[in-house]
Student: 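Just dropping this structure here.
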There are 4 protein chains.
Amino acid sequence: MEKKIFETEIKVRDYECDAQGIVNNANYQHYYEITRHEFLESIGISFSDSHDEGIDPVVSRIEIFYKAPLKGGDRIISSMTVKRKGARIIFNQTIKRKSDNTLCSTATVDVVILINGVLSIGDRYDEAMKEYLE
Amino acid sequence: MEKKIFETEIKVRDYECDAQGIVNNANYQHYYEITRHEFLESIGISFSDSHDEGIDPVVSRIEIFYKAPLKGGDRIISSMTVKRKGARIIFNQTIKRKSDNTLCSTATVDVVILINGVLSIGDRYDEAMKEYLE
Amino acid sequence: MEKKIFETEIKVRDYECDAQGIVNNANYQHYYEITRHEFLESIGISFSDSHDEGIDPVVSRIEIFYKAPLKGGDRIISSMTVKRKGARIIFNQTIKRKSDNTLCSTATVDVVILINGVLSIGDRYDEAMKEYLE
Amino acid sequence: MEKKIFETEIKVRDYECDAQGIVNNANYQHYYEITRHEFLESIGISFSDSHDEGIDPVVSRIEIFYKAPLKGGDRIISSMTVKRKGARIIFNQTIKRKSDNTLCSTATVDVVILINGVLSIGDRYDEAMKEYLE
């Protein structure tokens, strides 16, 4: 059975490119973060409200592959699936250029949940993410 | 009588340049902010501790002139003086390229002090800034 | 007669907030830049293609007023009008929070056109901007 | 035999923190990039000159572990070693908080060399990096 996919569209901003004329590597991490936060919002979890309640999802590990460059004005489709592995929530993410469907980058992101700064069992979001975890 | 000048050296980071190959305009605002925070630290005020105590200096207005571009690896000398005008603390700031003393940018920055989110009379830092306000 | 207004919607990204929990000042400059580039694109001018042809619009002065803070997830309406003043193209820009129409920031941005690094008379874009300059 | 280590000191800038009050994940990638570029400069290779000559080192993969958070004003010691693996140059990097030597993050970064946009055999920098590759 296929995992349920969340996706969002992002347009590359000119200032996100560096002197090489292509999107700077660190900005992919922003795109990946935006996508996870949009996902959370889509299932009813606000990142900033969570923080105010003392619940902070924190990235413990990220692995990014860079496959094709992006330029200012490019539209990208950023997709993700999510699964559980013990206390970790694992996001598999991809970025494709919209115009020609080129795979530009993939990433695996491990997230843990801190409650008031303490590592939690991590099931805090499971109910909300149910449809995606199956 | 001359105002006392605070200055700090900053090295341009390659990722701060955009596709034009020069430092993106918004990053000058970062350089100006870094300089003010270094200044506050030099007179014993920590920006993050202040925030934890409910005291937030907030920029109400900034005017920046861009005169000459900066490139990756350039070293800059960022200088400032400070004065009071009613509830506002006004910073006059300049950025010069170190190698040839070229004036690259000037700025005027108006800051007000919020205490627990409320505009304060703004004399909170006057004792600490005494030497510079004279 | 009223100037023609260009506007675009932007959603605040969580990473654009700083430790004060609100959008960092420098990011407003990004929002203003995004808006101008979207405007240029809407009238058929690509910022990155322009650069490849040796034509670079460059900000010579920016003045920003900060009136009300923005938080992660806020949607903003970013509006602008444009006029000419000699060699300068002057953008009057505003940022309003969409949910309650609060005016969060205003800016005046002076842009000059460099052709192969040399200040041009600046009429390069006038035909394309015709509708907005009237 | 121990690899030769390059290290540089970086001070966390307040704007690099996000609403969680700690350095945003993407900024670690900036710290790691700054360190590699400082390293290149220390062995006589300028990142921006390289680009002008058509030689672009490009990150093909990055893996980052986040172990302890950083706050505004923290000083960090960013260290790296470098080795070759076929066409790839592999950087092993760490970030430690200076005040108490806490290991905050580690990273492995695979870089390939493009010459005029084409993947090169990648030995372009070997002579310059000789001391570090042994």
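Each chain gets a letter, A, B and so on, in the order its sequence line appears, and its residues count up from 1.
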Student: Indicate the atoms forming the closest heavy-atom contact of C/Ala19 with D/Gly21, along with that distance.
Tutor: CB-CA, 4.2 Å

Student: Which residues in residues 50-76 of chain C have any heavy atom closer than 4.5 Å to a heavy atom of chain D?
Tutor: none

Student: If you count the non-hydrogen atoms of other residues, nucleotides and ligands that lie under 6.0 Å from CD in D/Glu131, is the total more than 12?
Tutor: no

Student: In Å and rounded to the nearest 0.5 Å, what is the CZ to CG distance from D/Arg13 to C/Asp18?
Tutor: 14.5 Å

Student: Return each pair, listed once, that meets ring pair (Phe, Tyr, Trp, His ring centres under 6.0 Å) where at least one residue sits in residues 2-25 of chain D; pairs must be two or more places apart or across chains.
Tutor: B/His30-D/Tyr15, D/Phe6-D/Phe39

Student: May I ask you to check whether over 12 heavy atoms, not counting those of D/Lys11, lie within 6.0 Å of atom NZ?
Tutor: yes

